[in-house]
Number of protein chains: 2
Amino acid sequence: MAAKKACNECLSTVKPVRDALDVINGKWKLPIIISVTTGNERFTDIQESVPGITPKVLAKELKDLEQHRLIKRVVVEDYPVKILYKPEPYADTLSPIIYALKDWGVNHRKKIFEKE
Amino acid sequence: MAAKKACNECLSTVKPVRDALDVINGKWKLPIIISVTTGNERFTDIQESVPGITPKVLAKELKDLEQHRLIKRVVVEDYPVKILYKPEPYADTLSPIIYALKDWGVNHRKKIFEKE
DNA sequence: TATTTCACTTTCCTTTAGGAAAGTACTATA
DNA sequence: TATAGTACTTTCCTAAAGGAAAGTGAAATA
C-alpha cells in the first residue's frame, strides 16, 4: 500500500498545483502582472517593461488576466481617452508565488554560471 | 522618471521569474516532480499518479527534467532490469514554489466555487 | 498640413505542446 | 504456449502559443 499512500499524498498536491497553473501558465502572465503591480499602467509602458512581448500577445494576455479578475482595464474619459491597467486586489495573492519563483530564478542563474 | 523607476524594479523581478519559468514551464513538469518526490519511482507509477498524462509526454518530460538535474534515471541491473526515477537534491529547492502554487490553487478553487 | 502617439488589430506563418492509438522488445507468470 | 507487465517509441494529428510586420483610427503636436 506504499504506492497508494504516495499516490494520495501526491494527488492532494498535484491537483491544486494544476489549478494554479491553469491560471498563470505560459511565458507572459506573471511578467505582465509583475509589471502592472510595480506601477506600469499604460499599454505601451507594459509592453516596454516586458522584454520581447509583441502587442498582439500583450493584448491577448491582458484580456485573459482581466477575465481571471487579476487586473482591470480602466477607461479614463479625458480628451484624449486614456486606458489604464490596474492590478485587482486578487493579484496580490500571487506574490508568494512570484517571490518563490524570483528567488529560485536568481539562484538558478548563479548555479548555471558557476558550473559553466 | 517614475516610469523608469517602475521599469527597473519590474525588470529585476521579471528576469529571474522568466529564468525559473524556462525550467518549470508547462502543464506537466511540476506535477511529475511532485510525484517523484512523494515516492513514485517507476514509470508506470508516475504515469498513474499524474492524471491524464500519456506515456509519450511523460517520457519527454522525464528527459527534460533529467537534463535540468532535477531527477535522475537509475537502472537497476536485476533480472529483469528495473528503471527508477529519483529526485535529485536540487528538486527540493523547488518546494517553496510548489507550496506557494498549492496554497494558491486551494484558495482559488474555493473562490471559484463560492462565486458560482 | 505632416508627423507622432496610443492602443491596439490583422494577417500570415512557424513552433511547441499535447493527445490518441498502436507497436515493440523484453521478461515473467499461468 | 498464451497472457500480462514494464518502459517506453512511433505515427499521425490538432490546437495553442508565439512572432514579424504592417495597418488602423482617432487625437495631439509641430
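Not measured: the values here are computed from a predicted model. Quick note on labels: first sequence line is chain A, next is B, and so on, each numbered from 1.
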Nearest whole angstrom, please: distance from the [atom2] of [N] to the [atom1] of [X].
| X | N | atom1 | atom2 | result |
| --- | --- | --- | --- | --- |
| A/R73 | C/dA7 | CZ | P | 9 Å |
| B/F43 | C/dA25 | CZ | P | 17 Å |
| B/I83 | D/dG5 | CD1 | P | 18 Å |
| A/K82 | C/dC6 | NZ | P | 11 Å |
| A/E61 | D/dA17 | CD | P | 8 Å |
| A/K56 | D/dA21 | NZ | P | 14 Å |
| B/I53 | C/dA17 | CD1 | P | 13 Å |
| B/L62 | C/dG18 | CG | P | 14 Å |

Quick check on [N]: is either OP1 or OP2 less than 4.0 Å from any side-chain nitrogen or oxygen of [X]?
| X | N | result |
| --- | --- | --- |
| A/K63 | C/dT9 | yes |
| B/K60 | C/dA17 | yes |
| A/T44 | C/dA7 | yes |
| B/W28 | C/dG19 | yes |
| A/K27 | D/dG19 | yes |
| A/Y85 | C/dC6 | no |
| B/R42 | D/dA7 | yes |

Checklist entry - Is a salt bridge present between B/D64 and B/K60, judged by a nitrogen-to-oxygen distance below 4.0 Å? => result yes
Next on the checklist: Do the side chains of B/K29 and B/E61 get close enough for a salt bridge, i.e. N-O under 4.0 angstrom?
Outcome noted: yes
Next on the checklist: Looking only at the aromatic ring of each residue, does the gap between the centers of B/W104 and A/Y90 stay below 6.0 angstrom?
Outcome noted: yes
Checklist entry - Base, sugar-phosphate alone, or nothing: which one does B/P80 contact when heavy atoms must sit under 4.0 Å apart? => result sugar-phosphate
Checklist outcome for this item: The nucleotide from C/dC8, D/dA20, C/dA20 with an atom nearest the side chain of B/T54 is C/dA20
Checklist entry - Quick one: CD1 on A/I24 to NE2 on B/H108, what's the gap to the nearest 0.5 Å? => result 10.5 Å
Next on the checklist: Tell me if the NZ atom of A/K72 is crowded by more than 12 foreign heavy atoms within 6.0 Å.
Outcome noted: yes
